[in-house]
Amino acid sequence: MIMKTNNIIPFFCGLAFISILGASCHSAPKEENTVEPKITLSSQLSSEITLDTAKMSNVRSDLTLFAKISADQDQLSRIYPLASGLVLSVKAMLGDHVTEGQELATLRSSDVNDFQNQYTQALNTLHLAQKNASIAEELYKTKVYSERDLLTARSELKKAQSDSARVSQLFTIYGAKADNKVPEYRVISPVDGYVIEKNITPNMAVRTDNGTNLFTISPLRHVWVLADVYESDLSKIKLGQMVDVITVAYPDTVFKGIVEQVSSIIDPVSKTLKIRAVLENKNGMLKPEMFAHVKVNYVEPAKMVSIPSSAIVFEGSKNFVMVYHSKDVVETREVTVYKDNNKQSYISAGLKEGEAVVTKYAQLVFSTFNSKS
């Protein structure tokens, strides 16, 4: 019995040893590391970014209108002919700058011939009246003339002086010369400015009764901007409202104007009405008949969450903002942009008032936290 027991024990012990040895030959599988690396802003980027807080505000919008530049009608000088005649020469062309007193055109006029005759007669009458008055003064001193005779001579002299001054004034108005053998009427500019209209040519017959002006002069220190507004947009226009004007000629220059008039009449064809804004034109860049666009800024009654436009990141046809919680926690948030006016973006969904968003280097922060590598 003892011998059998001893033989059995080593056998089982051998099996156990083999079993343990086999188990030790197959190592346990290693667990995979499922912890993702932590993303954080670098110290340099963290110091460079700027933040802004989402605020509730009225939506500010822009309305763009087609417009045209016009001369300020309140500063125009329309020159009409004061005498009929034949145009001998024209010395001012359309667009020329002229000065006060400058000759614009010359006409041969029979009216001026009549004035020359009147002037000659007035001078002769004046000389005679002066002589008679001088004689009356001497004769009154010697008691030959009575006081009544002296007063009569003085009255005739005063009348002759008045008639002579009147005819001289006519010559000044008509730009004529009394000693000129050819009866000429000179058209003179009454102001400094630019010739913006010209209805006169050499050898043209001019009449005072046809109602056509020869020239129109404007200083162009101010110009009008006339824009068309549809009645559906009329509520967005107010008197005194500031507008931005951009011309086709100077697309990178913004001119500032003020709405001074809103028409009360709607054009039956275009279904629009006119608004008028006034612009300063110090350097003369703006010319009548230029085409322009007028941008009117107005406030909508609705309020929405607003943030600077620089906070919006456009990626994959969607809009995102980077909501900042801390240096280590920056959330990528998809938002719905209701309107963007290049300065402010108005958010209708995806962002709440009071949340902080990255406004400077928003695209770089977006790339940092959404890199797929």
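Atom set for the values below is all heavy atoms of this structure, side chains included, hydrogens, waters and symmetry mates excluded.
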Assigning hydrophobic clusters by single linkage (Ile, Leu, Val, Met, Phe, Trp, Tyr; side-chain heavy-atom cutoff under 4.5 Å), is [X] placed with [Y]?
| X | Y | value |
| --- | --- | --- |
| Leu220 | Val225 | yes |
| Leu151 | Leu128 | no |
| Val323 | Ile307 | yes |
| Val335 | Tyr324 | no |
| Trp224 | Met290 | no |

What is the minimum heavy-atom distance between [X] and [Y], and which atoms define it?
| X | Y | value |
| --- | --- | --- |
| Lys360 | Val358 | O-CG1, 3.3 Å |
| Pro251 | Ile246 | O-CG2, 3.5 Å |
| Val191 | Ser77 | CG2-OG, 3.5 Å |
| Ala311 | Val357 | CB-CG2, 4.0 Å |
| Ser348 | Tyr338 | CB-CB, 4.1 Å |
| Pro81 | Thr212 | CD-O, 3.6 Å |

Report yes or no: does [X] contribute a side-chain atom to a donor-acceptor pair with the main-chain N or O of [Y] at less than 3.5 Å?
| X | Y | result |
| --- | --- | --- |
| Ser84 | Thr208 | yes |
| Thr142 | Leu139 | yes |
| Gln241 | Asn297 | yes |
| Glu355 | Lys352 | yes |
| Asn281 | Met285 | yes |
| Asp267 | Leu273 | no |
| Arg333 | Phe320 | no |

Out of curiosity, [X] [atom1] to [Y] [atom2], how far, rounded to the nearest 0.5 Å?
| X | Y | atom1 | atom2 | answer |
| --- | --- | --- | --- | --- |
| Lys343 | Ser306 | NZ | OG | 13.5 Å |
| Phe291 | Ile69 | CZ | CD1 | 11.0 Å |
| Leu157 | Gln161 | CG | CD | 4.0 Å |
| Lys295 | Leu65 | NZ | CG | 11.5 Å |
| Asn199 | Glu197 | CG | CD | 4.5 Å |
| Ser218 | Arg78 | OG | CZ | 10.0 Å |

Does any part of the side chain of [Y], heavy atoms only, come nearer than 4.5 Å to the side chain of [X], both counted from C-beta?
| X | Y | result |
| --- | --- | --- |
| Thr201 | Val90 | no |
| Gln75 | His222 | yes |
| Arg166 | Ser164 | no |
| Tyr194 | Asp96 | no |
| Val259 | Arg276 | no |
| Leu45 | Leu364 | yes |
| Ile79 | Asn213 | no |
| His325 | Glu331 | yes |

Below 3.5 Å, can you tabulate the donor-acceptor pairs from side chains in residues 227-234 to any protein atom, sequence neighbours excluded?
from, atom 1, to, atom 2, distance (Å)
Asp228, OD1, Lys274, NZ, 2.8
Asp233, OD1, Lys236, NZ, 3.0

Looking at [Y] and [X], is any side-chain nitrogen of the basic one under 4.0 Å from a carboxylate oxygen of the acidic one?
| X | Y | value |
| --- | --- | --- |
| Glu289 | Lys68 | yes |
| Arg154 | Glu137 | yes |
| Arg60 | Glu300 | no |
| Lys159 | Asp163 | yes |

Item to complete: Before giving the answer on side-chain hydrogen bond (donor to acceptor under 3.5 Å, both in side chains), spell out for Ser310 and Thr359 the whole-Å C-alpha distance, their side-chain angles and the decisive distance to 0.1 Å.
Response: CA-CA 5 Å; Ser310 58; Thr359 56; 4.7 Å; no
Any luck finding a side-chain donor-acceptor pair between [X] and [Y] under 3.5 Å?
| X | Y | value |
| --- | --- | --- |
| Ser367 | Asn370 | no |
| Lys303 | Ser57 | no |
| Thr152 | Asp149 | no |
| Gln44 | Ser47 | no |
| Asp340 | Ser309 | yes |

Is it the case that over 12 heavy atoms from other parts of the model lie below 6.0 angstrom from the [atom1] atom of [X]?
| X | atom1 | answer |
| --- | --- | --- |
| Ile265 | CD1 | no |
| Gln73 | CD | yes |
| Tyr298 | OH | yes |
| Lys55 | NZ | yes |

Item to complete: If the plane angle is over 60° it's perpendicular, under 30° parallel, otherwise tilted; pick one for Phe66 and His293.
Response: tilted
Practice prompt. Go through Ile237 and Leu63 one step at a time and tell me if the side chain to side chain contact (heavy atoms under 4.5 Å, CB included) criterion holds.
Written response: CA-CA 9 Å; Ile237 309 296; Leu63 175 64; 4.2 Å; yes
Worksheet item: Does the pair Ile217 and Val98 meet the rule for a side chain to side chain contact (heavy atoms under 4.5 Å, CB included), with working shown?
Response: CA-CA 8 Å; Ile217 311 296; Val98 297; 4.0 Å; yes
Practice prompt. Report the C-alpha separation of Ile200 and Phe215 in whole Å, then their side-chain angles, then the decisive distance to 0.1 Å, and conclude whether the side chain to side chain contact (heavy atoms under 4.5 Å, CB included) test is met.
Written response: CA-CA 8 Å; Ile200 183 174; Phe215 296 95; 3.4 Å; yes
Worksheet entry | Chi angles and distances behind the side chain to side chain contact (heavy atoms under 4.5 Å, CB included) call for Glu280, Arg221 | CA-CA 6 Å; Glu280 285 193 20; Arg221 288 188 293 269; over 6 Å; no
